[in-house]
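Please read these numbers as outputs of a predicted model, since none were measured by experiment. Here is how names work: the chains are called A, B, and so on, in the same order as the sequence lines, proteins then strands, and each is numbered from 1.
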Protein chains: 2
Amino acid sequence: MAPRSKRAPRSGSNKVRIEEVARRAGVSPITVSRALNTPEKVNETTRVAVLKAVEETGYIPNRLAGSLASNRSKTVGVIVPTVTNSIFADKIRGLGDVLSGAGYQILLGQSGYSLDAEADLVAALLAQSPSGLVLTGSTHAHRTHVMLERSGVPVVETWTSAEFPIDMQVGFSNEAAAFAVVEHLVAAGYRDLALVVAPVQDNDRALGRLEGFRKAIAHFGLRQPAPEREAAFSLRNGAEALVNILETHPDTDAIFFANDILAAGALLECRRRNIAVPGRLGVAGFDDLEIAAEIVPSLTTVAVPRYEIGSRAAQMLLARLDNAETGRRVQLDFTIMERESTRRER
Amino acid sequence: MAPRSKRAPRSGSNKVRIEEVARRAGVSPITVSRALNTPEKVNETTRVAVLKAVEETGYIPNRLAGSLASNRSKTVGVIVPTVTNSIFADKIRGLGDVLSGAGYQILLGQSGYSLDAEADLVAALLAQSPSGLVLTGSTHAHRTHVMLERSGVPVVETWTSAEFPIDMQVGFSNEAAAFAVVEHLVAAGYRDLALVVAPVQDNDRALGRLEGFRKAIAHFGLRQPAPEREAAFSLRNGAEALVNILETHPDTDAIFFANDILAAGALLECRRRNIAVPGRLGVAGFDDLEIAAEIVPSLTTVAVPRYEIGSRAAQMLLARLDNAETGRRVQLDFTIMERESTRRER
DNA sequence: ATGGCGAATGATAGCGCTAACATACTTGGG
DNA sequence: CCCAAGTATGTTAGCGCTATCATTCGCCAT
């Protein structure tokens, strides 16, 4: 009698599995695994044989299976508001350069500046069992905190400098940077300042800059209340905010735009309207994008280590995964880049 | 005698597993799985009970395990040269918007405009068993083709319009677009053209634009050989290429920059040097970034559907994964945006 | 000799989920 | 009242790897 028939194997594709490689190399599957993951633990000759078999078969290990078995995945979740903002693109480049060198892949999520969307992404990324998570900012939905805590996954928060990060942090003080800009404007002789900043809702980087601006206004005894406008980053919005401020507050003599795109848009509008910069109006930006140095007049701004935020975050994660000792908070420096747009003849 | 001791369970973390949820809801694990993945297959009352248990326990399904078991992962690999170039950032936004709506995550790879790096990334991403792969361009290393073929993973190539895509394709004809730009410059009265294009090595988009330019030069019987320069995209490089061309070919009356960043850098340099645009020199760009509309003078360029390339690619993938019938080649339109930088008084 | 130790490799048993099949229970037409 | 065809849920057996423990084989100190 025939043996009771097994059910059909549900092996997916016709892909090469570790077993075939093992057979070809004349070793056991576990040896293939070791030859690929911890080569120092296998004899040179067997390693060579295994690699040859891998080459011949075109074997690509199934990391889903590997990660499940080892409880370690080679992925890192990265959540940014949007890749469209080039400051985050630079961060991602920094992350990618370091992580891909260590064999890690990036799982990317875009929150669209919404903490609620961020929380959904955290859940979705945690489901992939990432080795680590890199978030933007220090403000998160309550459930985000809960999920992160429960998961135990290493987390790096970036772009800010909160006193008590969830886990690790790489950033700078947005507040101090904004304060320094106002300080610079005052030193350049401007007195009636205005601020244009990204919508602060769900955005603690923008909020920090707003607060730094306000503190500096009070500190230096400048015109209060200073006009403040919220504008999502785009050249057009910068131009419009400029026009609006000059209409409502014609005595304004300098505007601090909390990012360079807004500032550049304003500078272009100044050119169209023949508003003299820096004579009639001083303009300062934030981020030190390439356009700040190239635009005419060149733009005073704050250089922040965008790429380094990414690369350092990646390094911290890798160190942690290596059980190396690391600090938890890295506070990077910003630099005021003084350029023509605030270089007033006095 | 005590039973032979089992070896220690290697259960990783203290995370909630499907079994605990099942116990709480008084059902079997598979029912929990169904309640979450195919809710229409379970009774309303049990579904509610399961969701309640999920809520209470804070259960986050382990997708590594799920994907391994079902041979379907909820990830899509995306390879771009760099996220820093905002045209690719827009594509990623398009991809992300559509994919995250369907519960998919993006695995991001940056190739740095190297086909060899691209091949490594393809291997790394295939190891994660993605549901699909989105590549940039139609030119790939030989081993990339081999790996893709073997894997059987759905692939979408983007930004180009090759006749025989590997699988699916969403793009436009770079050659035709470049041709159209030259056509426009000729119509505007320019005759002695020059080209500045991204390095064509490993970059078929740039190569296509170069070829379109050359064909148009020949077609319209313009000055030959027209000066051609390669420059990686940055404002500074655009400015330098401009200077170089005007030094070596002072009779040049229009320059076509194969991206807007280069063109904008050149326009800013023209301002610094008091070179009249469009009078002394016509300038055209490519991509229709926001800066093209805002810069002074505004920049004639080619609008390409950056976001749509991403969203359409995602839709095609999803349709394929749904076994829906789809076309294989989507050729999108480009639009010449005529602006001040080529609006010569005649 | 001999036993102890490290290096190399193998056998076994899962990782946490879901496909495939099995079973119970419902419904309704003849 | 019975059986066919659904509907809802459960049981079993993997998915393709790797952690863990076991085994084998030298090699050297005693």
Side-chain angles (χ1 to χ4, degrees), chain A residues 3-23 25-50 54 57 59-74 126-129 151, chain B residues 3-23 25-50 54 57 59-74 126-129 151:
Chain A
R4 206 190 130 110
S5 76
K6 297 236 168 138
R7 51 187 74 184
R10 55 182 153 120
S11 159
S13 41
N14 47 356
K15 284 200 211 110
V16 181
R17 278 172 300 249
I18 200 171
E19 215 226 312
E20 181 176 337
V21 178
R23 220 177 319 124
V27 297
S28 71
I30 187 70
T31 299
V32 174
S33 171
R34 281 197 273 252
L36 294 175
N37 297 321
T38 50
E40 72 281 4
K41 289 191 183 164
V42 305
N43 195 318
E44 162 108 34
T45 31
T46 50
R47 192 173 67 239
V48 170
V50 168
V54 167
T57 53
Y59 172 61
I60 295 182
N62 181 334
R63 276 206 193 290
L64 294 183
S67 301
L68 180 61
S70 67
N71 204 26
R72 274 182 278 105
S73 85
K74 285 279 207 173
L126 283 179
Q128 309 279 355
S129 306
S151 74
Chain B
R4 206 191 132 108
S5 76
K6 297 234 167 136
R7 53 186 73 185
R10 54 182 155 119
S11 158
S13 41
N14 47 356
K15 282 200 213 110
V16 180
R17 279 171 298 247
I18 200 169
E19 217 226 311
E20 181 176 338
V21 178
R23 221 177 318 125
V27 296
S28 71
I30 187 72
T31 299
V32 175
S33 170
R34 283 196 272 250
L36 294 175
N37 297 320
T38 50
E40 73 280 5
K41 287 192 183 164
V42 305
N43 194 320
E44 162 109 34
T45 30
T46 49
R47 190 172 70 239
V48 170
V50 168
V54 167
T57 54
Y59 172 63
I60 296 181
N62 182 333
R63 276 209 191 289
L64 295 183
S67 301
L68 180 61
S70 67
N71 204 27
R72 275 181 277 106
S73 86
K74 285 281 207 170
L126 284 179
Q128 310 279 357
S129 306
S151 74

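- Counting to the nearest Å, the C1' atom of D/dC17 and the CG atom of A/Leu64 are 10 Å from each other.
- Donor-acceptor pairing under 3.5 Å, judged by distance alone, is absent between the side chain of B/Arg63 and the base of C/dG16.
- The distance from atom CZ of A/Arg23 to atom P of C/dG10 is 14 Å, rounded to the nearest whole Å.
- Residue B/Thr31 has a polar side-chain atom (N or O) positioned under 4.0 Å from OP1 or OP2 of D/dG10.
- Remark: B/Asn71 is not in phosphate contact with C/dA19, judged by side-chain N or O atoms under 4.0 Å from OP1 or OP2.
- Counting all heavy atoms, side chain and backbone alike, A/Ile18 lies closest to A/Ser33 at CD1-N, 3.8 Å.
- Atom CD in A/Glu19 sits roughly 14 Å away from atom C1' in D/dC15 (whole-Å rounding).
- In this structure, B/Arg47 does not reach the D/dA8 phosphate: none of its side-chain N or O atoms is under 4.0 Å from OP1 or OP2.
- If you take CG on B/Asn37 and CZ on B/Arg72, they are separated by 8.0 Å, rounding to the nearest 0.5 Å.
- Computed from coordinates, the B/Lys41 NZ to D/dG10 C1' distance equals 15 Å when rounded to whole Å.
- For the pair B/Ala65 and B/Gly26, nearest-nucleotide mapping onto DNA chain D gives the more 5' position to B/Gly26.
- Dashed line: the shortest gap from a side-chain N or O of A/Ser28 to OP1 or OP2 of C/dG10 is under 4.0 Å.
- Nearest nucleotide to the side chain of A/Asn37, out of D/dT18, C/dC17, D/dC17: D/dT18.
- OP1 or OP2 of D/dA19 lies within a sub-4.0 Å distance of a side-chain N or O belonging to A/Arg72.
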Audit row: A/Val42, A/Val50, side-chain contact (heavy atoms from CB on, under 4.5 Å) steps and yes/no: CA-CA 10 Å; A/Val42 305; A/Val50 168; over 6 Å; no
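- Comparing D/dT18, C/dT18, C/dG10 against the side chain of B/Ser33 picks out C/dT18 as the nearest.
- B/Leu68 has its CG atom 12 Å from the C1' atom of C/dG14, to the nearest Å.
- Rounding to the nearest 0.5 angstrom, the gap separating the CG atom in A/Leu126 from the OG atom in A/Ser151 is 4.5 Å.
- Between A/Tyr59 and D/dC17, a side-chain N or O to OP1/OP2 separation shorter than 4.0 Å is present.
- Among the atoms of the strands shown, only primed sugar atoms or phosphate atoms (P, OP1, OP2) are found under 4.0 Å from some heavy atom of B/Thr46.
- Between atom CZ of residue B/Arg17 and atom CZ of residue B/Arg23 there is a gap of 9.0 Å, rounded to the nearest 0.5 Å.
- Taking atom CD1 on A/Ile18 and atom C1' on C/dT9, their separation rounds to 14 Å, with Å as the unit.
- Rounded to a whole Å, the CZ atom of A/Arg34 is 14 Å from the P atom of D/dC21.
- Counting only heavy atoms from C-beta on, B/Ile30 has its side chain closest to C/dT18 among D/dC17, C/dT18, D/dT20.
- D/dC17 atom P lies 10 Å from atom NZ of A/Lys15, rounded to whole Å.
- For the atom pair A/Leu68 CG and B/Arg63 CZ, the distance stands at 14.0 Å (nearest 0.5 Å).
- Considering only the side chain of A/Ala69, D/dC17 comes nearest among D/dC17, C/dT9, C/dG16.
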